Amino acid sequence: MSVQSVCLGWHWHPYAYSRTADDTDGAPVKPLPSNIARLACQAVADTFGASTAEQFEPDAVIANLYAPGARLGLHQDAEEPSDAPVVTISLGDTCLFRMAGVDRRTAPFLDITLRSGDLLVFGGPSRRVYHGVPKVFDNTGPRDLGLPSGRLSLTVRETGFAPA
C-alpha cells in the first residue's frame with residue numbers, strides 16, 4: 001500500500017478498528033460528516049433499493065490519498081462484521097479500480113475506470129470481493145477541487161461495531 005489514509009468515525013489500522021488513532025498520535029477519531037453519510041445512503045438506495053438503504057447505517061470512512069505513482073494492492077474489506085455495502089467516492093485523478101473475486105486475488109479481473117465524481121457501490125455477494133487500485137492516471141482530474149495532485153478515495157462503510 002502506498003497511499004496515505006485518514007479515518008472518520010472509526011480508525012482503521014491493519015486488521016482492527018478503534019475510536020482513537022492508536023498507530024499514529026492516539027487522538028480521538030473525528031466524526032463521520034452527515035453529508036457524506038447521506039450521499040452514501042442515497043448511493044445504496046439507488047443501487048440496492050430503499051429497503052437496503054433503510055438498514056444501511058454508515059459509521060466510518062477511510063479516506064485514501066493517492067499521490068502520483070501511488071497504488072493499492074488487492075485486498076478484502078474483511079475486518080468489519082457488517083455485511084452492509086461499501087460506497088467508494090472518487091475525487092481527483094482517474095484510476096483503474098480492479099476487482100477479482102470473493103475467494104481469489106487472481107485473474108480474471110474486472111477493471112473499472114473511476115473518474116472524479118464517480119461512486120462505486122459493492123455489496124451483496126460482492127461485499128468481500130478482493131479489490132485494489134493498480135494505477136492512477138496522473139494529471140487527469142479537475143484542477144479546481146483544491147486537492148493536492150493525485151486521487152482521493154472516500155470509502156464509506158458500516159462497520160457493525162457498537163456505537164460509542
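These numbers were taken from a predicted model, which means no experiment stands behind them.
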Closest heavy-atom pair and its distance - [X], [Y]:
X: Leu119; Y: Ala43; result: CD1-CB, 4.1 Å
X: Leu32; Y: Ala60; result: CD2-N, 3.9 Å
X: Cys7; Y: Val29; result: O-CG1, 3.5 Å
X: Arg98; Y: Leu74; result: O-CD2, 3.8 Å
X: Cys41; Y: Ala53; result: O-CB, 3.8 Å
X: Phe161; Y: Asp59; result: O-OD2, 4.1 Å

Look up atom [atom1] in [X] and atom [atom2] in [Y], then write down how far apart they are to the nearest 0.5 Å.
X: Thr113; Y: Leu96; atom1: OG1; atom2: CG; result: 6.0 Å
X: Phe56; Y: Gln42; atom1: CZ; atom2: CD; result: 12.0 Å
X: Ile36; Y: Leu8; atom1: CD1; atom2: CG; result: 6.5 Å
X: Leu120; Y: Asp118; atom1: CG; atom2: CG; result: 8.5 Å
X: Ser82; Y: Glu57; atom1: OG; atom2: CD; result: 9.5 Å
X: Ile62; Y: Trp10; atom1: CD1; atom2: CH2; result: 12.5 Å

Would you find a donor on one side and an acceptor on the other, under 3.5 Å apart, between the side chain of [X] and the backbone of [Y]?
X: His75; Y: His131; answer: yes
X: Arg71; Y: Val3; answer: no
X: Ser153; Y: Asn64; answer: no
X: Gln76; Y: Val102; answer: yes
X: Ser116; Y: Leu91; answer: no
X: Glu80; Y: Gly160; answer: no

Counting only heavy atoms not in Gln4, do more than 12 sit closer than 6.0 Å to its CD atom? no

Taking atom CZ of Arg115 as the centre, does the number of heavy atoms from other residues, nucleotides or ligands within less than 6.0 Å exceed 12? no

Would a hydrophobic clustering, with Ile, Leu, Val, Met, Phe, Trp and Tyr connected at side-chain separations under 4.5 Å, put Val44 with Val156? yes

Say whether Val121 and Val61 are linked into one hydrophobic cluster, either directly or through other cluster members, by side-chain heavy-atom distances under 4.5 angstrom. yes

Distance-only donor-acceptor hits, side chain of residues 136-151, under 3.5 Å, sequence neighbours excluded:
from: Thr140; atom 1: OG1; to: Thr94; atom 2: N; distance (Å): 2.8
from: Thr140; atom 1: OG1; to: Phe137; atom 2: O; distance (Å): 2.6
from: Arg143; atom 1: NH2; to: Asn139; atom 2: O; distance (Å): 3.4
from: Arg143; atom 1: NH2; to: Gly141; atom 2: O; distance (Å): 3.4
from: Arg151; atom 1: NH2; to: Ser90; atom 2: OG; distance (Å): 2.8

Donor-acceptor side-chain pairing of Tyr17 and Glu79 below 3.5 angstrom: no

Passing candidate, salt bridge (Lys or Arg N to Asp or Glu O under 4.0 Å) with Asp83, options Arg127, Arg157, Arg128: Arg128

A side-chain contact here means heavy atoms from C-beta on lying under 4.5 Å apart; do [X] and [Y] qualify?
X: Ile89; Y: Val87; answer: yes
X: Asp77; Y: Phe122; answer: yes
X: Leu72; Y: Tyr66; answer: yes

Scan Asp23, Thr24, Thr20 and name whichever one has a side-chain hydrogen bond (donor to acceptor under 3.5 Å, both in side chains) with His11. Asp23

